[in-house]
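Comments concern the structure below.
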Amino acid sequence: MKKRIVCACIIALVTGMTAGCAGKAGNGADADNPTVIEIETYYNGAAKIALDELVEEFNDTVGDEKGIFVKASSSGDMGELFQNLENELEKEEEDRDLPDIFSCYGSNAMEFEEEGLLADLDDYFTKDELDEYVDEYIEEGRIGKDKPLVVFPIAKSTEVMTINKTDWDKFALETGSDLRQLSTWEGLADTAEAFYEWSGGKALFGRDAYANYMLAGAHQLGEDMFEVKDGKVAIQMDRDVMKKLWDNYYVPYVNGYYTSIGRFRSDDMKTGDLIVAIGSSSGGSYYAQEVTVGDNDPYPIETMVMPVPNFEGAEAVVTQQGAGMAVVKSEKEKEEAAATFLKWFTDVDANSRFSMASSYLPVKKSANDMELLEKIVKENNIEWNDIVRDTIEVAFEECNTYDLYTMTPFKGSDSCRYIIEDSLQKKAAADRETVVEQLGAGKSQEEAVSGLLTEENFEIWYNELSTQLKEAVQS
C-alpha cells in the first residue's frame with residue numbers, strides 16, 4: 001500500500017479551519033494541529049461519491065469543532081483493498097503503513113485482531129449508544145476470543161428479488177401465474193418450469209451470490225453448515241438439507257428454468273435472458289429499467305421489488321451482509337477521533353443520506369423506517385430513484401421481520417465460502433451445457449436430463465463438497 005502523505009492543499013485547508021477557533025478544540029484536540037484520520041474503503045460509484053461528500057461535511061462541522069480531519073480514499077474494489085491490507089500485514093511492524101480506519105468483514109479482521117492490531121470500540125461507545133444499533137450488526141463485529149467489538153457497522157445490505165413486471169404480466173395473463181408463487185423456493189421452481197414451457201425454452205430466474213443460497217438456506221432448514229465453538233469448527237452437512245438445496249436449485253437449473261450468463265443477474269435482466277433475479281439490495285441503482293434483446297431497440301420496463309423466497313413451512317431467513325469499519329490500534333487520541341467520526345457517520349441523518357445515495361441500509365434501529373427516510377428526503381430535497389426507494393423499503397421489511405443470517409468467521413472461512421460459491425453453481429452450469437448439447441442432437445428434455453437427475457449424481461456432488469470443505473478447514 002502506497003505511503004500516505006497529507007498533501008499541501010489539505011494542510012492549507014486544515015490551517016484555514018483554525019481561523020475561527022484558535023487554541024484547543026473539543027475533547028482536548030488541538031485545532032492548530034488537528035488529528036488526521038485516514039480511511040481506506042473499496043467504495044466506487046454512488047457509494048464513493050456519497051462518502052466523500054459526507055466526509056467533507058464532517059470536516060467542515062464536527063471535525064472543525066473537535067480538531068479532527070478525515071481523509072477518505074478507495075482502493076477501487078474489495079479484492080484490491082484486502083490484498084493491500086494483507087501485504088501490509090506481512091511486513092515487519094515498523095514498516096507497516098495501515099490506514100487509521102479500513103473497510104473489512106469479520107473474516108478479514110480475524111488475523112489483524114489476533115496480532116492485536118485493532119482497537120476495541122467498546123472502549124469508545126457506551127452500552128446505551130450500542131443499543132441504538134441493530135443487534136445483529138453489532139454482534140457480527142465481535143471477533144476473537146473475548147469478543148471485542150473490532151468491526152463497526154456503518155452500512156449494511158441484504159438480498160432482494162427484482163421482477164421485470166412488464167414481461168411477467170404477459171406471462172401471468174396467459175397462464176394465471178401469481179406473484180405470490182415466488183414467495184417460496186418450491187413455488188419459484190414450479191413457476192420457472194411453467195415459464196420455460198410458455199416461452200419456448202427461456203429461463204425465468206437467476207441469482208447472484210450462490211453461497212448465500214446455500215448457507216442461509218441450510219440455516220433456514222435447521223442446520224448451519226459450520227458450527228464454531230471455542231475456536232473449533234465442525235462441518236454440518238445433513239444429507240436431507242443438502243438434497244433440498246439441490247432439488248430447488250440444481251434441478252431447475254439443468255432443466256433450463258434458471259440461468260446465469262452475464263457477470264451479474266442484473267445484466268441478464270437487461271438483455272432479457274431472465275425476468276426474475278435475486279441480488280444485493282446495495283445494487284438497487286443498477287437494476288434494469290429497460291431491456292434490449294439482441295439487436296432490437298430497447299424497451300422500457302416496470303421493475304418490481306419483492307422479498308427473497310423461503311422454503312415452505314420454514315421460518316423466514318435473509319442474508320445479512322456488508323463490510324464494516326475496523327479502527328487500527330494506536331494512541332488513544334487517534335482511536336477516539338476515529339470513533340467520533342464513526343458515531344457521526346452512523347447517526348440517523350448522515351447514515352440515512354448515505355443509504356439513499358448508495359442503496360445500502362442504515363445501521364441504527366430507528367433509521368430502519370420508511371417514514372423517517374422519506375422525511376429526510378423531503379428536508380434535504382433529495383432526489384432518489386424509485387427502484388432504489390422500493391429496494392430499501394423491501395430490505396427494511398426483511399430486516400425487521402426475517403431472521404438475519406451471517407456466516408460466523410473462522411480460520412479458513414473465506415476458503416470455505418469460495419468452495420460453496422462455486423460448487424453447486426459450476427456443476428449446474430456445466431451439466432446444463434451437456435443437456436443443451438443433447439437437446440441439439442435431437443433428444444427430448446426428459447431424455448437429456450434423465451442421467452443427471454439421479455441420486456447417484458447428487459451423492460457424487462455431496463461427497464465432493466464435503467471433502468473439499470474438510471480439507472479447507474484442516475489446512
Just checking, any donor-acceptor pair under 3.5 angstrom between side chains of [X] and [Y]?
X	Y	answer
Glu140	Gln320	yes
Asp167	Tyr299	yes
Gln321	Thr158	no
Asn212	Arg417	yes
Thr126	Asp128	no
Tyr250	Asn457	yes
Thr346	Tyr133	yes

From OG (Ser199) to CD (Glu174), nearest 0.5 Å: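 Between atom OG of Ser199 and atom CD of Glu174 there are 11.0 Å.
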NZ or CZ of Lys364 within 45° of Phe152 ring axis and under 6.0 Å: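 Here Lys364 fails the 6.0 Å and 45° test against Phe152.
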Step-by-step ring-ring contact (aromatic ring centres under 6.0 Å, His included) determination, Phe264 to Tyr286: CA-CA 10 Å; Phe264 300 107; Tyr286 299 100; 8.2 Å; no
Steps toward side-chain hydrogen bond (donor to acceptor under 3.5 Å, both in side chains) verdict (Ser73, Glu40): CA-CA 5 Å; Ser73 58; Glu40 189 79 17; 2.6 Å; yes
Any residue meeting ring-ring contact (aromatic ring centres under 6.0 Å, His included) with Tyr258, in chain and number order, not counting sequence neighbours: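 Result, ring-ring contact (aromatic ring centres under 6.0 Å, His included) vs Tyr258: Phe205, Tyr249.
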